[in-house]
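Worksheet: one structure, shown below.
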2 protein chains.
Amino acid sequence: MKTSNTPDKFIEAIGNLGESIGLNRTVCQIYALLYITPEPLSPAQIGRMLGISKGNVSINMKKLEEWNAVKKVWLKGYSRSFYNANEDMEGIIFDKLKTGLEKRNRLLEEAVNGIKKSLKAKGKIADKKLMRHYSSRISKVENLLKQAELFTKNIDLLKSLLKK
Amino acid sequence: MKTSNTPDKFIEAIGNLGESIGLNRTVCQIYALLYITPEPLSPAQIGRMLGISKGNVSINMKKLEEWNAVKKVWLKGYSRSFYNANEDMEGIIFDKLKTGLEKRNRLLEEAVNGIKKSLKAKGKIADKKLMRHYSSRISKVENLLKQAELFTKNIDLLKSLLKK
DNA sequence: TTCATGGTTTAATCTGTTTTGAACATTTTA
DNA sequence: TAAAATGTTCAAAACAGATTAAACCATGAA
């Protein structure tokens with residue numbers, strides 16, 4: 001284990017950060033390791049440096065590639081693959097934020113549809129008062145959804161605004 | 001179980017939504033139930049309606065109170081307590097978002113400090129090239145942190161902007 | 001072709017979180 | 001006061017996710 005060479009505190013802290021937003025700790029640590037290491041690393045090296053199994057590396061490497069957080073690098077004279085971190089950490093975060101928001105908006109939409117459906121289904125039986133109550137709740141959540149969708153759409157705009 | 005009376009799809013969807021952002025599914029379902037039910041409910045009723053133990057209700061009720069997501073209501077003639085949802089869902093979300101961001105900023109700061117410390121510690125040994133590499137990485141992450149802090153500070157502003 | 005190396009998949013294990021159920025404490029009813 | 005109702009706490013069970021280890025597949029060198 002040649003961790004003596006790596007800024008372990010950084011890797012640890014990024015792992016904690018990632019975990020706190022619901023990401024897998026290991027996937028974040030791998031990214032952090034590649035981010036602070038100047039040279040590209042092979043999966044085997046990564047596994048050794050972080051002290052994790054190669055299966056674990058393989059699984060999380062795939063995730064990182066899906067997120068465009070790492071890129072494969074071919075080194076002359078080697079058949080096996082090496083990886084570099086995509087340095088644009090901000091871009092990665094925004095991309096993930098965006099897809100995350102989109103997913104949540106869909107779930108919120110489902111929630112709205114859920115209560116709407118339930119409302120229709122008992123339209124015949126229900127008393128007027130309950131109907132009105134449900135309606136007011138629906139419209140509130142619908143407004144929230146609209147705001148969330150607006151926010152999601154304008155996330156790139158927001159990103160450029162923050163730059164200044 | 002008198003779930004026949006409740007918009008189960010709504011409760012289920014809000015539970016899924018909450019889970020997807022790292023919250024406990026049950027805590028979200030309780031909130032959703034109180035949100036769509038016109039009358040205040042007692043913990044026992046909540047437990048029955050969601051089919052969960054009273055211990056579970058108790059624990060999650062406490063969380064909701066901490067978040068200001070529910071409020072206690074006294075009904076004349078009853079000794080036991082009832083709860084209403086705080087209807088300002090947006091406010092609840094923003095409050096939690098804000099504290100969440102603050103927590104993450106602290107973790108990111110730790111990450112920066114981590115690599116800085118590691119950099120200082122090997123200042124004597126390290127070759128210049130590696131030093132420069134680390135420095136450039138540090139400054140990138142520091143910029144990111146600054147942006148994140150800016151964003152967090154202006155979250156209320158953002159909220160009012162979205163309103164329009 | 002066989003052997004060695006690198007990488008993936010998967011079943012089993014491990015870890016951490018959630019939920020339960022029982023014990024306990026407190027309050028209300030009678 | 002005793003009995004019933006309400007709510008909390010906590011140890012143990014159940015569950016979900018992450019990780020490992022081993023089997024497996026692919027590729028390239030000899």
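All chains are named by letter (A, B, ...) in the order of the sequence lines, taking the proteins before the strands, and each is independently numbered beginning at 1. Computed over heavy atoms, backbone and side chain alike; hydrogens, waters and symmetry mates excluded. Because the structure is a prediction, the values reported are computed rather than measured.
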Tell me, please, which residues at least two apart from A/Tyr83 pass ring pair (Phe, Tyr, Trp, His ring centres under 6.0 Å).
-> none
Mind running a 4.0 Å heavy-atom check of residues 14-26 of chain B against DNA chain C and sending the residues that fall below it, in number order?
-> B/Asn24, B/Thr26
Within this structure, what is the NZ-to-C1' distance between B/Lys63 and C/dT17, rounded to whole angstrom?
-> 10 Å
Side chains of A/Glu90 and B/Gln147 in contact at under 4.5 Å (non-hydrogen atoms) | yes
To the nearest Å, how far apart are A/Tyr78 OH and D/dT27 C1'?
-> 18 Å
Pair A/Asn143-A/Lys140, side-chain donor/acceptor within less than 3.5 Å | no
Could you tell me which non-hydrogen atom of A/Asn60 sits nearest to which non-hydrogen atom of A/Val27, and how far apart they are?
-> O-CG2, 3.5 Å
Whole angstrom value for the distance that separates P of C/dT20 from CG of B/Leu50 = 10 Å
Euclidean distance, atom CD1 of residue A/Ile52 to atom C1' of C/dT13 [Å, nearest integer] = 17 Å
Just by protein heavy atoms under 4.0 Å, how would nucleotides 4-10 of chain C read 5' to 3' in B, S and -?
-> --SBBB-
First locate atom CG of B/Leu107, then atom CD1 of A/Ile14, and finally report the distance between them rounded to the nearest 0.5 Å.
-> 9.5 Å
So, A/Glu142 and A/Lys116, do they make that salt bridge, N to O below 4.0 Å?
-> yes
Can you find a heavy atom in the side chain of A/Val70 that is under 4.5 Å from one in the side chain of A/Asn84?
-> no
Side chain of A/Arg137, backbone of B/Tyr35: donor and acceptor closer than 3.5 Å?
-> yes
